[in-house]
Amino acid sequence: MALRIYNTLTRRTEEFTPLEPGMVSMYVCGPTVYASAHIGHAMSSLVFDVARRYLEYRGYDVRHAMNYTDVDDKIIQAASGEGSDPTSLAEHYIEEYAQHLQELNVLPATVYPRATQEIDNIIEMVARMLEQGAAYVAEGDVYYRVERDEDYGKLSGRKLEDMHAGARIEVDDRKEHPMDFAVWKAAKPGEPAWESPWGPGRPGWHIECSAMVFAHLGEQIDIHGGGNDLIFPHHENEIAQSESLSGKPFAQVWMHNGMMQLSGEKMSKSLGNLITIREFLEKHSADALRMMVLNTSYRHPLTYSDEVVEQAERALDRLRSGLRPALPGAAGAAAEALAALQARAEAAQPAFVAAMDDDFNSAAALAVLFDLVRQINLARDAGATDAELEPAQAVLLELSGVLGLRLKDAEREPEAAALHALVDELAGELDGQTELAAVLQAARSEQSGAALMVRLLELRKGIREQKLWALSDKMRDRLAEQGILVEDSAGGSSWRWG
RNA sequence: GGCGACGUGGCCAAGUGGUAAGGCAAGGGUCUGCAAAACCCUGACCACGGGUUCGAAUCCCGUCGUCGCCUCCA
């Protein structure tokens with residue numbers, strides 16, 4: 001079986017064959033850094049992070065570039081609005097986004113090119129386009145000559161004639177054709193500018209991506225990604241520019257993620273219906289957002305709602321349930337229970353690969369993981385020991401890791417001070433219980449929260465054996481106040497964060 | 001107006017020609033001192049109307065609805 005990817009360019013799902021065996025070059029359009037990013041941007045980064053992780057899992061050496069557009073009208077506008085300069089404003093939001101990516105467990109790209117660092121390349125490319133007649137100068141601006149391409153519109157499925165029909169094309173007498181787009185923009189007074197043969201100015205938006213791809217990945221790449229709102233005009237224009245210069249097909253596969261929606265519309269700055277990444281992470285885990293993304297097809301829109309987030313959190317709990325240690329006092333499961341577990345663990349990997357090979361069908365891949373979790377829990381209930389559970393849990397961790405889920409990273413120590421207070425409280429109520437005095441004493445001398453919890457569960461065992469139900473319930477309630485969930489089973493008690 | 005996507009159980013959603021994955025929620029049960037968790041059981045004729053086919057959620061046509069792009073946008 002081979003990996004198959006839906007290609008926007010051909011509108012078909014095609015078998016993926018990299019240009020160079022074993023290597024994948026992937027370019028993904030990143031944000032324009034003029035404001036804090038929202039979870040729609042995060043969705044895009046997550047989608048391509050999953051693709052990249054899976055390609056690497058599949059054995060490919062992935063060269064992954066994601067750009068930052070750090071000079072454009074909006075940045076200039078935002079900077080003048082707050083009285084700062086465009087460069088430092090862009091720098092600020094780049095740093096912020098980089099931090100978000102890290103928190104979201106997105107693997108670092110191989111390179112993060114920026115428009116302002118590619119100026120020389122861009123000028124050189126524009127010059128070549130002019131030489132070839134692919135572009136023309138108009139009062140300091142340089143425009144790409146769209147009518148020169150007989151296949152302009154092939155990505156978005158538009159024809160130039162159709163675009164005339166649209167009423168929203170601005171009239172500009174300097175352009176030969178209304179759809180001609182700027183590859184170089186003359187600077188207005190006070191704007192950031194670079195010297196060029198056509199006068200001071202800055203690159204147009206589309207040219208920067210072509211330049212960065214050429215500079216960092218080559219004239220031909222395997223995968224070009226981005227949100228589906230970029231298909232036209234951005235990616236269409238990238239193709240036009242790049243192919244006019246190289247004379248070769250630009251990207252083999254065009255992957256586009258669907259839009260994050262909120263209250264029935266695309267989440268965007270201009271509509272104002274957005275949740276920033278920061279706002280999301282203040283309330284929810286990075287895994288939760290990733291889970292939401294994984295549960296759907298990356299190509300389809302994802303409608304955000306509190307309920308959907310909650311469902312994602314619960315689904316994560318379920319996955320994590322498969323990673324719990326054996327029940328206290330587990331004595332080993334019967335042979336057939338272990339055989340069933342082993343069979344499921346061994347079947348999981350190929351099933352996962354089959355799902356992901358089908359255009360990164362992460363929802364189907366998750367189903368494989370949930371099936372594995374059920375089998376692990378079944379074995380645990382049947383008395384499997386940690387050693388018996390471990391191989392299947394290792395598979396679960398490995399495969400969830402391919403999706404970028406961390407599952408276990410949330411581990412932390414309980415607060416020792418609060419636990420000591422609880423020990424003192426219990427000691428008061430247990431006054432005269434000589435059998436438990438030793439455990440209480442041991443608990444008092446523990447310094448770490450984790451060790452204290454071991455003692456507390458020991459204590460709980462003694463209390464339950466004496467059927468001091470009111471006290472054992474009180475103990476559980478107190479711990480729950482700190483988010484510690486105590487779970488009792490026949491062999492003893494265990495705890496986890498809840 | 002042009003191009004495109006989508007409409008599957010209460011919610012999220014996979015499946016795109018052979019008789020509907022998975023998750024969440026809900027109800028019942030097992031286990032438990034109780035609880036929680038886990039495990040077991042229970043639910044859909046796939047927007048609507050035609051058509052093609054031995055057979056369609058899955059292909060074609062139409063209708064309704066939702067969304068995206070056509071301007072900056074992940």
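The sequence lines fix the lettering, A, B, ..., with proteins before strands; numbering per chain opens at 1. Values below: all heavy atoms of this structure, side chains included; hydrogens, waters and symmetry mates excluded. Predicted, not measured: the structure shown is a model, and the values here were computed from it.
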Q: Could you check which residues of residues 40-54 of chain A get a heavy atom under 4.0 Å from RNA chain B? Sort them by number, please.
A: Gly40(A), His41(A), Ser44(A)
(Q) So Glu265(A), base contact, sugar-phosphate only, or nothing? Heavy-atom distance under 4.0 Å. (A) sugar-phosphate
Q | Shortest side-chain distance from Asn361(A), nucleotide among C11(B), A14(B), G2(B) | A | A14(B)
Q. Between G33(B), G23(B), C72(B), which nucleotide has the shortest distance from any of its atoms to the side chain of Gln311(A)?
A. G23(B)
(Q) Using the side-chain heavy atoms of Arg11(A), tell me which of these nucleotides is nearest: G4(B), G33(B), C70(B). (A) G4(B)
Q: Using a 4.0 Å heavy-atom cut-off across all strands, classify His234(A) as base, sugar-phosphate, or nothing.
A: nothing
Q: Output yes if the stacking criterion (under 5.5 Å between centres, under 30° between planes) is met for Phe370(A) over the base of G22(B), else no.
A: no
Q: Tell which nucleotide pairs with C34(B), taking only Watson-Crick or G-U wobble pairs whose two distances are both under 3.5 angstrom.
A: none
Q) With a 4.0 Å cut-off on heavy atoms, is Thr32(A) in touch with a base, just the backbone sugar-phosphate, or nothing at all? A) sugar-phosphate
Q: Find out whether the Lys NZ or Arg CZ of Arg299(A) is both under 6.0 angstrom from the six-membered ring centre of Tyr6(A) and within 45° of the ring's axis.
A: yes
**Q.** Proximity to the side chain of Asp229(A) - top-ranked nucleotide from A74(B), G22(B), C72(B)
**A.** A74(B)
**Q.** Sequence-aligned protein contact record of nucleotides 34-43 of chain B, with B where the base is within under 4.0 Å of a protein heavy atom and S where only the sugar-phosphate is
**A.** BBBSBSS---
